[in-house]
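These notes concern the structure reproduced below.
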Amino acid sequence: MAEVLEVALRLVLVVAAFLVLPLIAGQAEHKVMAHMQSRLGPMYAGGFHGWAQLIADGVKFAQKEDVIPAAADRRVFALAPAVALIPYLLVMVVIPVGPGLVGVDLDAGLFFALAVMGVGVLGSIMAGWSSGNKYSLMGGMRSAAQLMAYELPLVLAASSVAMAAGTLSLPDIVGAWQWWWLPWQAIGAVVFFVAGLAELRRPPFDMPIADSEIIMGPMTEYTGMRFALFMLAEYAGIIVVCALTTVLFLGGWHGPLLPGVVWTLLKTALLVFVVIWVRVSYPRLREDQLQRLAWVALVPLALLQLALTGVVRVLLVP
């Protein structure tokens, strides 16, 4: 009975984090972008610096009419937002935030996380195909091409860390981490982070949602809460990618003085800030530039990191 209660408590905490952390990331994006672009941003909702803006947005979306186009495939159209969102909840179940603090410790946790993250992108493809709109279809096709291009360097970079630690368990990877892994796995960290941003279709990799070309891409025909679920999926994906980068490459809970959970959250928050910073700082890539970056730069760098990891494992690690 005690074990059942412990598992239930862990899952409740994971769900709470899933509901709260993306909202914090969204609010941070509002304010950080406002400061970087020398403007106020939301200031009124909630009173203090617009802290309740995302809550107000949620209420606004809940009040909007739920419209499904006549030409849409209704079942796939309705299912797509859930397919985009739920995989990130499942990934958060296996991400450790401290020693013993993980929803479920899977022996193949890294494999599970990467596989389920790929499923999340399918929500965008489903939305584009089912909407009965040429702009949505074009956005879905761009999402599919982006997934194919960036999944390979993402997996290769993560495989380097798994090879270094000798395990696919995320808590065991963090447990095996040493400070000198920072320079050793630096190439893999950059490749993993950039490929993760591309899979999330975050700027400057937002070609599937290029509003100046194809309106909102796969989400063009979505309204109300269905559209809000896509937005929540984006911010949940940011938390997941940053948390995985922290766990795999930055030592997770390792750090001086502060509790391990605090270190994990601080490192994740720093990476979320970098995600917002990149959005403000770089223009959108063209489709050919986006593909060239994946195949000409990231894949060779990921293979180089794998080779380097193999050499270090053979020569230096007992």
Side-chain angles (χ1 to χ4, degrees), residues 21-43 49-50 53-54 57 88 117 121 124 139 142-143 145-147 149-151 153-154 157 182-183 185-219 230-246 248-250 265-302 305:
L21 293 180
L23 296 180
I24 295 175
Q27 182 67 11
E29 182 166 60
H30 282 321
K31 303 307 294 186
V32 171
M33 288 182 62
H35 283 289
M36 287 186 170
Q37 297 173 338
S38 298
R39 56 187 176 85
L40 290 176
M43 291 293 291
H49 284 269
Q53 181 61 48
L54 286 183
D57 288 341
Y88 295 118
M117 281 179 63
V121 181
S124 176
R142 289 181 177 183
S143 294
Q146 207 155 308
L147 171 64
Y150 284 88
E151 187 71 13
L154 184 82
L182 284 173
Q185 299 293 329
I187 297 175
V190 173
V191 171
F192 184 89
F193 189 67
V194 172
L197 292 186
E199 285 210 357
L200 294 176
R201 303 171 302 281
R202 287 285 300 181
F205 307 103
D206 58 337
M207 286 301 296
I209 315 176
D211 53 354
S212 61
E213 302 173 17
I214 52 176
I215 312 176
M216 280 296 287
M219 298 180 291
F230 275 112
M231 294 293 98
L232 181 61
E234 177 180 344
Y235 289 117
I238 292 173
I239 296 296
V240 165
V241 169
C242 293
L244 281 176
T245 306
T246 295
L248 295 175
F249 298 98
L250 302 181
L265 294 177
L266 283 177
K267 294 173 184 177
T268 302
L270 177 62
L271 290 177
V272 171
F273 174 78
V274 173
V275 171
I276 301 169
W277 193 356
V278 169
R279 174 177 181 174
V280 176
S281 302
Y282 293 95
R284 179 185 302 126
L285 297 177
R286 297 196 314 265
E287 189 65 30
D288 61 313
Q289 294 173 329
L290 185 145
Q291 294 291 330
R292 187 180 302 114
L293 175 65
W295 297 108
V296 177
L298 296 188
V299 171
L301 286 174
Q305 179 67 77

query = OH of Y88 to OH of Y235: how many Å apart, nearest 0.5 Å?
reply = 14.0 Å
message = Salt bridge check, R201 against D206: does any charged N sit closer than 4.0 Å to a carboxylate O?
response = no
ask   = Checking side-chain contact (heavy atoms from CB on, under 4.5 Å) for the pair F193/V274: CA distance, chi angles, key distance, verdict?
value = CA-CA 10 Å; F193 189 67; V274 173; 3.9 Å; yes
Main-chain N/O of P204 paired to R284 side chain as donor or acceptor, under 3.5 Å = no
request  = May I have the step-by-step check of side-chain contact (heavy atoms from CB on, under 4.5 Å) for L244 and F192, ending in yes or no?
outcome  = CA-CA 9 Å; L244 281 176; F192 184 89; 4.0 Å; yes
query = About how many Å separate OG of S143 and CD1 of I209, when rounded to the nearest 0.5 Å?
reply = 6.5 Å
query = Does any non-hydrogen side-chain atom of V241 lie less than 4.5 Å from one of E199?
reply = no
remark   = One should read off an interatomic distance between H35 NE2 and I276 CD1, to the nearest 0.5 angstrom, of 11.5 Å
query = Can you name the nearest heavy-atom pair linking A157 to F249, along with the distance?
reply = O-CZ, 3.7 Å
query = Can you tell me how far CZ of R142 sits from CE of M207, rounded to the nearest 0.5 angstrom?
reply = 3.5 Å
inquiry  = Given V194, which partner from the list V190, L197, V191 fulfils the side-chain contact (heavy atoms from CB on, under 4.5 Å) test?
reply    = V190
key: For the student: nearest non-hydrogen atoms of V272 and A25, plus distance   = CG1-CB, 4.2 Å
request  = Side-chain contact test, heavy atoms from C-beta onward, threshold under 4.5 Å: evaluate it for V296 versus P300 and give yes or no.
outcome  = no
note = In terms of heavy-atom contacts, E287 and A145 come closest through OE2-CB, 4.4 Å
inquiry  = Between Q289 and R286 (side chain of the first, backbone of the second, donor and acceptor by atom type, cut-off under 3.5 Å), is there such a pair?
reply    = yes
task = Looking only at non-hydrogen atoms, find the nearest pair between I239 and L21 and report the distance.
result = CD1-O, 3.9 Å
query = Of the non-hydrogen atoms in P153 and L298, which two are nearest, and what is the gap between them?
reply = CB-CB, 3.9 Å
ask   = So, R202 and E29, do they make that salt bridge, N to O below 4.0 Å?
value = yes
query = How many angstroms lie between atom CG of L250 and atom OG1 of T245, to the nearest 0.5 angstrom?
reply = 7.0 Å
ask   = Between Q146 and L290, does a side-chain contact (heavy atoms from CB on, under 4.5 Å) hold up when you go through it step by step?
value = CA-CA 8 Å; Q146 207 155 308; L290 185 145; 3.3 Å; yes
Intermediate values then yes/no, side-chain contact (heavy atoms from CB on, under 4.5 Å), R279 and V275 = CA-CA 6 Å; R279 174 177 181 174; V275 171; over 6 Å; no
Nearest heavy atoms of A149 and Q291, plus distance in Å = CB-OE1, 3.3 Å
ask   = Which distance, rounded to the nearest 0.5 Å, do you find between the CG of L23 and the CG of L232?
value = 6.5 Å
